[in-house]
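One structure below.
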Amino acid sequence: MTEVHKILVLPGDGIGPEVVAVAQTVMVAAAARFGVALAIDSALVGGCAIDATGQALPAATLAKAKAARAVLLGAVGGPRWDDLPTLERPERGLLGLRSELELFANLRPALLFEPLAHASSLKAELVAGLDILIVRELTGGIYFGEPRGIEVVNNERRGFNTYVYSEHEIERIARVAFELARKRGGRLCSVDKANVLEVTQLWREVVTAVAPDYPEVALSHMYVDNAGMQLVREPKQFDVIVTGNMFGDILSDVAAMLTGSLGMLPSASLAADGTGLFEPVHGSAPDITGQDKANPLATILSVAMLFRYSLAAPAAAVAIESAVNQALAEGLRTTDIEPVESAADIQRVGTRAMGARVLEIMEAQDA
Ligand code: IPM
Ligand code: MG
């Protein structure tokens, strides 16, 4: 009997439901074509969950997520919930999932699809062929460190967070990054701020200590400020980057923009056993919500990662990625990836039309 994989879909807020609806059709089609059996359920997370239940991560959602092999998430948050205290905001839903499911390894590929070389804010020759993978630690660091808060000291408020990493947290993310680097270009750059922060001195030491286990990978180290600069100066020098939670958050947005748009970037957040949460790197984009304008490709590419990393179905992943590439090559563009100068062969499309074309291309691959 074929194994049935439980998938939980969490559309979330803003453009989340629109892009997830489209990506889900792609997921279902790819599963059917490659003989992967899925049992798909859905639930609330983020602002919509706050409105319905008072909590960003309702217990029912967490229970379903824990039972699933993979979670496909859209986006959380929006202006409507911006005035809530930090620990009650929609983002807590996402952060809660990451930590409850122990999704410590966040993979954010920044891959330039050839037809989009001119959509980058950098010169086309600097980004042509770009293929970087950012491996971001996702369940520790300053995002989760205690103590944290805002307190009153000497009649004024003082805000504080704690930047903390234990050796085992650094070692496990380093090993994930070394493994991935070994299967790619064989180069790993660990990003820290070891000239200032003790926590990242430890980070550098632990990553260095792991390196001898991966003799085929060339390890280098870079301070985060320099890494930000190098990413926009000469991005192709990088293969795999490994870094902590907050630096990874920032550098992955920078890397995303190199590829033309945040609307193109998928991500995978993995636990040690291969269960994962897959989501676009972009946010809920309240300004274009409900207008059929959002680029669904980051979410569709997240579905590809879901097949590759949680379902061990790389052929389905490749089929999806090549369909996306073809749709772009045919000239289909959502507004975020439109070329500045209008080219004749460019066809402006909305969320649904982009998804429909990717689906058609995939069906034609069958023949
Ligand atoms: C991301 C986002 C999240 C983060 C927010 C929404 C909590 O920016 O996934 O990069 O900071 O991790
Ligand atoms: Mg971010």
Side-chain angles (χ1 to χ4, degrees), residues 10-17 19-20 44-50 55-57 61 65 71-110 132-145 148 161-163 165 169 173 191 224 227-228 231 241-259 261-271 276-287 289 294-295 298-299 301-302 305-306 336:
L10 301 175
D13 306 316
I15 58 170
V19 292
V20 164
L44 298 174
V45 73
C48 60
I50 294 174
Q55 288 187 316
L57 179 58
T61 300
V71 177
L72 177 66
L73 185 139
V76 296
R80 188 175 147 70
W81 304 282
D82 271 351
D83 295 331
L84 290 173
T86 313
L87 297 180
E88 292 167 30
R89 291 168 61 96
E91 287 82 355
R92 294 319 293 183
L94 182 55
L95 295 166
L97 278 171
R98 289 174 180 172
S99 92
E100 290 284 337
L101 302 181
E102 293 181 67
L103 306 169
F104 69 91
N106 184 216
L107 278 44
R108 296 189 165 184
I132 302 177
L133 177 63
I134 297 192
V135 179
R136 168 188 176 193
E137 199 290 328
L138 203 60
T139 52
I142 199 166
Y143 270 50
F144 292 93
R148 61 189 297 156
N161 286 89
T162 302
Y163 191 174
Y165 271 117
E169 294 178 286
I173 192 70
V191 171
V224 62
L231 272 173
I241 291 176
V242 65
T243 190
N245 207 339
M246 184 168 63
F247 297 162
D249 179 45
I250 299 165
L251 294 181
S252 61
D253 268 25
V254 176
M257 204 53 221
L258 303 175
T259 69
S261 167
L262 214 45
M264 289 301 301
L265 258 88
S267 77
S269 304
L270 304 173
L277 179 143
F278 301 83
E279 56 173 327
V281 171
H282 63 67
S284 59
D287 53 319
T289 296
N295 184 349
T299 316
L301 293 167
S302 298
M305 293 187 88
L306 185 155
D336 59 311

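Just follow the structure's listing: the first ligand is 1, and inside any ligand the first atom is 1.
Of all heavy-atom pairs between Ser284 and Asp13, the closest is CB-O, 3.7 Å.
Remark: Glu91 CD is packed, more than 12 non-hydrogen atoms of other residues, nucleotides or ligands lying under 6.0 Å away.
A donor-acceptor pair is defined here as one N or O able to donate and one able to accept, closer than 3.5 Å; no such pair exists between the side chain of Thr299 and the backbone of Pro280. A side-chain donor-acceptor contact under 3.5 Å links Arg148 to the backbone of Tyr143.
In the vicinity of Arg136, heavy-atom distances shorter than 4.0 Å reach the ligand 1 atoms 1 (C), 4 (C), 9 (O), 10 (O), 11 (O), 12 (O). Residue Arg108 approaches ligand 1 through these ligand atoms, each under 4.0 Å from one of its heavy atoms: 1 (C), 9 (O), 10 (O).
Among all protein heavy atoms, the one lying closest to atom 2 (C) of ligand 1 is Asp249 OD1, 4.0 Å. Taking atom 5 (C) of ligand 1 as the reference point, the nearest protein heavy-atom neighbour is Glu91 CG, 4.3 Å. From the protein, the heavy atom lying nearest to atom 4 (C) of ligand 1 is Tyr143 OH, 3.5 Å.
For the pair Arg89 and Asp82, the salt-bridge criterion is met [side-chain N within less than 4.0 Å of a carboxylate O].
Residue Arg98 places a heavy atom less than 4.0 Å from ligand 1. Residue contact annotation: Arg92 has no non-hydrogen atom under 4.0 Å from ligand 1.
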Could you walk me through whether Phe278 and Leu301 pass side-chain contact (heavy atoms from CB on, under 4.5 Å), step by step?
CA-CA 9 Å; Phe278 301 83; Leu301 293 167; over 6 Å; no
